[in-house]
Amino acid sequence: MIKKQTEIFEELCKIPPLKKGWVRLVHRCIDKGSTVPNITKFGLVFNKAAAGLTNIKGGSYNSITEMASAYDENGFWDSLKHDDFCCYDNARYADTKLVFDMPMEEFCFLETFGRRIKGKVDAKYLVAKISNINADNPNITLSQEKVCQAQAISHKNPYHPVQCNDIEAMIEKLLERTPLENKAEMKEKIKKTINRTKDNFLFEIQEIKETRQSLIASKLIKFKYHSL
């Protein structure tokens, strides 16, 4: 599927707000050669074999989150204030972040089954190409105040207009080689797996929020103590 969206935002303040029930993905890369043009055209290819795109640059991973970070909206903006992303390769030093907004149900399906079918996040979900600010690249920084200002403006923007993929059709595609007598049972197992992946993701998001709140509270207490 080739991208149909006409605009990819390159300013933080122009990023659309995240729709309810959606997830925001961030892929860090170096904007060099065909890397960004290919992602803009074909999407974020995390498993080239499953996507049938073995001739372009992409990953051979089992899941999306081996190639991108997944956030809720607040988590995304917090990551721009100080990106502590860790990876075995040089993605921490990348100059570019590519931002995708997609339905959480589709994300959970691809996170678990994408290595077998589809293998990519469609380019139509790409909403922004921004600088890899406040990561390990010392040449790309932005103050927390500027990030907060962009976040406040972003919340007032219109939602990203895109026609979502049919998750039921994706499940049917996955089940094509399953014997007819086993399809109903397998379909139920797939849906339970999607729901379990969703619950795990939401639990992780909540843990991150609680950890962040605890750190903020700890810093406030230390500040108050040292001010006495």
Side-chain angles (χ1 to χ4, degrees), residues 1-8 15-27 36-73 76 98-129 158-205:
M1 181 180 292
I2 305 301
K3 183 174 177 61
K4 295 181 180 179
Q5 182 192 348
T6 57
E7 188 169 14
I8 299 169
I15 294 176
L18 192 64
K19 295 178 183 178
K20 184 177 180 180
W22 283 46
V23 62
R24 178 160 287 170
L25 305 172
V26 176
H27 173 66
V36 172
N38 275 345
I39 294 174
T40 302
K41 182 178 181 180
F42 297 107
L44 183 64
V45 181
F46 63 92
N47 192 295
K48 294 188 291 184
L53 294 169
T54 55
N55 293 327
I56 71 167
K57 187 176 181 180
S60 298
Y61 301 112
N62 290 325
S63 62
I64 299 171
T65 50
E66 292 182 61
M67 199 171 180
S69 300
Y71 301 102
D72 65 355
E73 187 161 21
F76 165 74
L98 296 175
V99 183
F100 294 78
D101 288 356
M102 70 183 304
M104 187 176 294
E105 188 175 12
E106 183 176 349
F107 161 72
C108 292
F109 174 84
L110 292 176
E111 180 73 355
T112 307
F113 302 107
R115 67 187 183 278
R116 295 166 54 188
I117 182 174
K118 198 171 180 65
K120 67 189 181 82
V121 176
D122 284 339
K124 65 181 179 179
Y125 293 128
L126 179 61
V127 297
K129 171 195 167 191
Y159 287 115
H160 175 48
V162 62
Q163 184 175 354
C164 303
N165 293 327
D166 185 345
I167 191 71
E168 291 294 330
M170 294 169 70
I171 293 173
E172 288 298 326
K173 182 71 175 176
L174 180 63
L175 292 171
E176 277 185 354
R177 296 185 180 181
T178 303
L180 183 60
E181 62 271 17
N182 296 334
K183 274 194 174 183
E185 180 182 357
M186 289 303 298
K187 188 173 184 178
E188 185 65 23
K189 287 183 178 180
I190 289 170
K191 289 189 173 184
K192 284 182 178 180
T193 301
I194 292 172
N195 288 332
R196 185 165 60 248
T197 303
K198 179 180 178 181
D199 288 343
N200 289 340
F201 174 71
L202 293 174
F203 178 78
E204 289 173 6
I205 290 296

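The residues of the chain are indexed from 1 along the displayed sequence. From a predicted model like this one, the values you see are computed outputs, not experimental measurements.
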Looking at [X], I'd like to know if its [atom1] atom is crowded, meaning that more than 12 non-hydrogen atoms belonging to other residues, nucleotides or ligands lie closer than 6.0 Å.
X	atom1	value
Lys57	NZ	no
Lys48	NZ	yes
Gln163	CD	no

Quick one: are [X] and [Y] in side-chain contact, heavy atoms under 4.5 Å?
X	Y	answer
Phe113	Ile190	yes
Leu126	Thr40	yes
Trp22	Pro103	yes
Ile56	Val45	yes
Tyr159	Pro17	yes
Val99	Ile8	no
Phe201	Phe107	yes

Quick check against the 3.5 Å criterion: does [X] have a side-chain atom that pairs as donor or acceptor with the backbone of [Y]?
X	Y	result
Asn47	Ser60	no
Lys183	Thr178	no
His160	Lys124	yes

Exercise for review: Please test Val121 against Ile64 for side chain to side chain contact (heavy atoms under 4.5 Å, CB included), starting from the C-alpha separation and ending with a verdict.
Suggested key: CA-CA 8 Å; Val121 176; Ile64 299 171; 3.8 Å; yes
Point to revise | Candidates Met104, Glu111, Glu106, Glu105 - the one meeting side-chain contact (heavy atoms from CB on, under 4.5 Å) with Ile194 | key: Glu105
About how many Å separate [atom2] of [Y] and [atom1] of [X], when rounded to the nearest 0.5 Å?
X	Y	atom1	atom2	answer
Glu188	Ile171	CD	CD1	10.0 Å
Met186	Leu175	CE	CG	6.5 Å
Leu25	Ser69	CG	OG	9.0 Å
Ile39	Leu98	CD1	CG	5.0 Å
Thr193	Lys189	OG1	NZ	9.0 Å
Cys108	Met102	SG	CE	9.0 Å

**Study point:** Check against side chain to side chain contact (heavy atoms under 4.5 Å, CB included), Val26 and Tyr71
**Key:** CA-CA 8 Å; Val26 176; Tyr71 301 102; 3.8 Å; yes
Exercise for review: Measure across Pro158 and Pro16 and return the closest heavy-atom pair with its distance rounded to 0.1 Å.
Suggested key: O-CB, 3.3 Å
Point to revise | Shortest non-hydrogen separation from Gly59 to Met67 and the atoms involved | key: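 Taking every non-hydrogen atom into account, N-CE, 4.0 Å.
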Review point. Any cation-pi pair here, Arg24 with Phe76, using under 6.0 Å and within 45°?
Key: yes
**Study point:** Check against side chain to side chain contact (heavy atoms under 4.5 Å, CB included), Leu110 and Met170
**Key:** CA-CA 10 Å; Leu110 292 176; Met170 294 169 70; 3.9 Å; yes
Review point. Hey, mind stepping through Glu73 and Lys20 against salt bridge (Lys or Arg N to Asp or Glu O under 4.0 Å) and telling me if it holds?
Key: CA-CA 10 Å; Glu73 187 161 21; Lys20 184 177 180 180; over 6 Å; no
Point to revise | Basic-acidic side-chain contact under 4.0 Å: Lys173, Glu176 | key: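 Yes, charged N to carboxylate O under 4.0 Å.
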Practice item. Could you walk me through whether Asp101 and Lys19 pass side chain to side chain contact (heavy atoms under 4.5 Å, CB included), step by step? Key: CA-CA 8 Å; Asp101 288 356; Lys19 295 178 183 178; over 6 Å; no
Review point. When you check the side-chain N and O atoms of Thr197 and Thr112, is any donor under 3.5 Å from an acceptor?
Key: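 Judged by distance alone, the side chains do pair up.
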Point to revise | Worked check of side-chain hydrogen bond (donor to acceptor under 3.5 Å, both in side chains) between Asp122 and Asn165 | key: CA-CA 9 Å; Asp122 284 339; Asn165 293 327; 2.8 Å; yes
